[in-house]
Protein chains: 2
Amino acid sequence: MSQRNTAVPSELRTLEDAEAMIAHGVCPIPPREILDKIAGKWAIQIIVATSRGPVRFTELERLIEGISRRMLTLTLRNLERDGLLERTIYPTVPPKVEYRATPMALELYEAMLTLTNWSRRHSACVAASRERYDARQTG
Amino acid sequence: MSQRNTAVPSELRTLEDAEAMIAHGVCPIPPREILDKIAGKWAIQIIVATSRGPVRFTELERLIEGISRRMLTLTLRNLERDGLLERTIYPTVPPKVEYRATPMALELYEAMLTLTNWSRRHSACVAASRERYDARQTG
DNA sequence: CTGTATCCGATCTGATACTG
DNA sequence: CAGTATCAGATCGGATACAG
């Protein structure tokens, strides 16, 4: 076989692990359908907001600054569809609906923290690089 | 002061760390301008492709399946602007230009691996959840 | 209270043709 | 080889009005 004799690591930690995957023909980055969760403008914020317990629709609308009712509904539906949010309806009048992050969503939130660390370490550097680049274009 | 007496962790590892940040009024997720790197359809793939050494424009075009010349150029420029890619021009005829991921980009790539792990663990579950959800809507 | 429906502008992406 | 320019289609997200 044409593959190197390194094993496919069960858990990726280093770039070397990623190289091993590539050597085995496996893609070391999440598929688009997963990245799209993170890409969306509101999904992560909703997961964070519902990570400590059930939250009602209107509470979310207040909590997440700038979100429109339309996008709140759409994003909630998508997250529920993916199994990242649990939706509970209380058949009262007026209706009461609660959303809560699932364990899988909490793990996603936790996985995001390495990205948060990266951005805390480097966002100033990114901003500086942008300024330099833009200055070169202008000048 | 109104804050809890937990310290702001310098490195986030657990959801508890994230809670501590929230208690201090700090957002525990990366800002939009950082998430947008990951959100883009091609950025991560380009970082991976250039992570082992300099790669030429045309090589990238071949390596990254389905990318248009336009999007390749645009994404390369954005990554260079952010300091994630280093661009080297050799003033030869015909011209030769090489792109290479910076150390900062390699760290981003590495940070992404926790997300890759998450998706490897859960993407089947997400897919199953979607099917169940869609079946409920149809039926 | 918890949504849905409709419209609209902005942005993203691809296709194609052209150039130093 | 390494781009740029232009156009068009698709998708995203916001504003607003309406409804069970």
Side-chain angles (χ1 to χ4, degrees), chain A residues 31-47 49-50 53-82 85-100 130 133 136-138, chain B residues 31-47 49-50 53-82 85-100 133-134 136-138:
Chain A
R32 252 299 120 193
E33 76 223 52
I34 299 299
L35 287 179
D36 283 343
K37 323 253 114 302
I38 290 140
K41 195 170 176 184
W42 306 109
I44 300 284
Q45 287 187 63
I46 290 178
I47 289 175
T50 57
V55 183
R56 296 182 65 173
F57 187 89
T58 313
E59 281 184 273
L60 284 172
E61 207 171 4
R62 276 190 305 101
L63 246 47
I64 300 177
E65 198 141 348
I67 196 170
S68 65
R69 189 161 299 183
R70 175 186 139 80
M71 286 314 294
L72 179 54
T73 304
L74 272 176
T75 311
L76 288 172
R77 291 295 171 276
N78 276 325
L79 291 172
E80 187 197 355
R81 186 169 104 102
D82 289 343
L85 234 45
E86 184 192 309
R87 180 166 175 259
T88 311
I89 312 170
Y90 299 93
T92 57
V93 181
K96 176 178 168 182
V97 180
E98 284 181 343
Y99 295 90
R100 177 173 202 160
R130 283 184 188 179
Y133 185 94
R136 276 200 301 275
Q137 305 311 308
T138 305
Chain B
R32 252 299 122 192
E33 77 224 50
I34 299 298
L35 288 179
D36 283 344
K37 323 257 111 301
I38 291 141
K41 194 171 174 183
W42 306 108
I44 299 284
Q45 287 187 63
I46 290 178
I47 289 175
T50 58
V55 183
R56 297 181 64 172
F57 187 89
T58 311
E59 281 183 273
L60 284 172
E61 206 172 3
R62 276 189 307 99
L63 248 46
I64 299 176
E65 198 141 350
I67 195 169
S68 65
R69 188 162 299 183
R70 176 185 141 77
M71 285 315 293
L72 179 55
T73 304
L74 273 175
T75 311
L76 288 172
R77 291 294 171 277
N78 277 325
L79 290 171
E80 187 196 357
R81 186 170 102 101
D82 288 344
L85 234 45
E86 183 192 310
R87 179 167 177 258
T88 311
I89 311 172
Y90 299 92
T92 57
V93 181
K96 176 178 168 182
V97 180
E98 285 182 341
Y99 295 90
R100 177 174 203 157
Y133 185 94
D134 293 346
R136 277 200 299 276
Q137 306 310 309
T138 306

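- Pairs passing the side-chain hydrogen bond (donor to acceptor under 3.5 Å, both in side chains) check and including a residue from residues 56-66 of chain B, sequence neighbours excluded, read B:Glu61-B:Arg69.
- Chain A approaches DNA chain D over the interval D:dG13 to D:dG20, counting the first and last nucleotide 5' to 3' with an atom under 4.0 Å from its heavy atoms.
- Here the straight-line distance linking atom OG1 of B:Thr50 with atom CD of B:Glu86 works out to 10.5 Å at 0.5 Å rounding.
- Taking five base pairs at each end of the helix from C:dC1-D:dG20 to C:dG20-D:dC1, the local helix axes there meet at an angle of 40°, rounded to 10°.
- Note: CZ (A:Arg87) to P (C:dT2) measures 10 Å, nearest angstrom.
- Here CZ of B:Arg81 is found 8.0 Å from OH of A:Tyr133. Values are rounded to the nearest 0.5 Å.
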Can you give me the N/O atom pairs linking the protein to nucleotides 7-12 of chain C at distances under 3.5 Å, or say none if there are none?
none

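- For the atom pair A:Arg70 CZ and A:Leu74 CG, the distance stands at 5.0 Å (nearest 0.5 Å).
- The shortest non-hydrogen separation linking B:Val55 to B:Ala49 is CG2-O, 3.4 Å.
- Between the CE atom of A:Met71 and the CD1 atom of A:Ile46 there is a distance of 8.5 Å, given to the nearest 0.5 Å.
- Among the atoms of the strands shown, only primed sugar atoms or phosphate atoms (P, OP1, OP2) are found under 4.0 Å from some heavy atom of B:Tyr99.
- Here OG1 of A:Thr75 is found 8.5 Å from CD1 of A:Ile64. Values are rounded to the nearest 0.5 Å.
- Not counting sequence neighbours, the partners of A:Arg77 by the side chain to side chain donor-acceptor pair (under 3.5 Å) test are A:Tyr99.
- When all heavy atoms of B:Thr92 and B:Pro94 are compared, the pair lying nearest together is OG1-O, 2.8 Å.
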Pairs of donor and acceptor atoms involving the side chains of residues 33-45 of chain B, under 3.5 Å and at least two apart or interchain, shall be tabulated with distances.
| residue | atom | partner | partner atom | Å |
| --- | --- | --- | --- | --- |
| B:Asp36 | OD1 | B:Arg32 | NH1 | 3.0 |
| B:Lys37 | NZ | B:Asp82 | OD2 | 2.8 |

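- Contact detail for B:Leu85 and B:Leu76: the closest heavy-atom pair is CD2-CD2, 3.5 Å.
- The stretch residues 72-81 of chain A touches DNA chain C through A:Thr73, A:Arg77, each having a heavy atom within less than 4.0 Å of the strand.
- In this view, A:Pro95 satisfies the side-chain contact (heavy atoms from CB on, under 4.5 Å) rule with no residue, not counting sequence neighbours.
- Of the residues in residues 53-68 of chain A, those with a non-hydrogen atom less than 4.0 angstrom from any atom of DNA chain C are A:Arg56, A:Phe57, A:Thr58.
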Could you go through nucleotides 17-20 of chain C and list every protein N or O atom that sits under 3.5 Å from one of its N or O atoms, giving the distance for each pair?
none

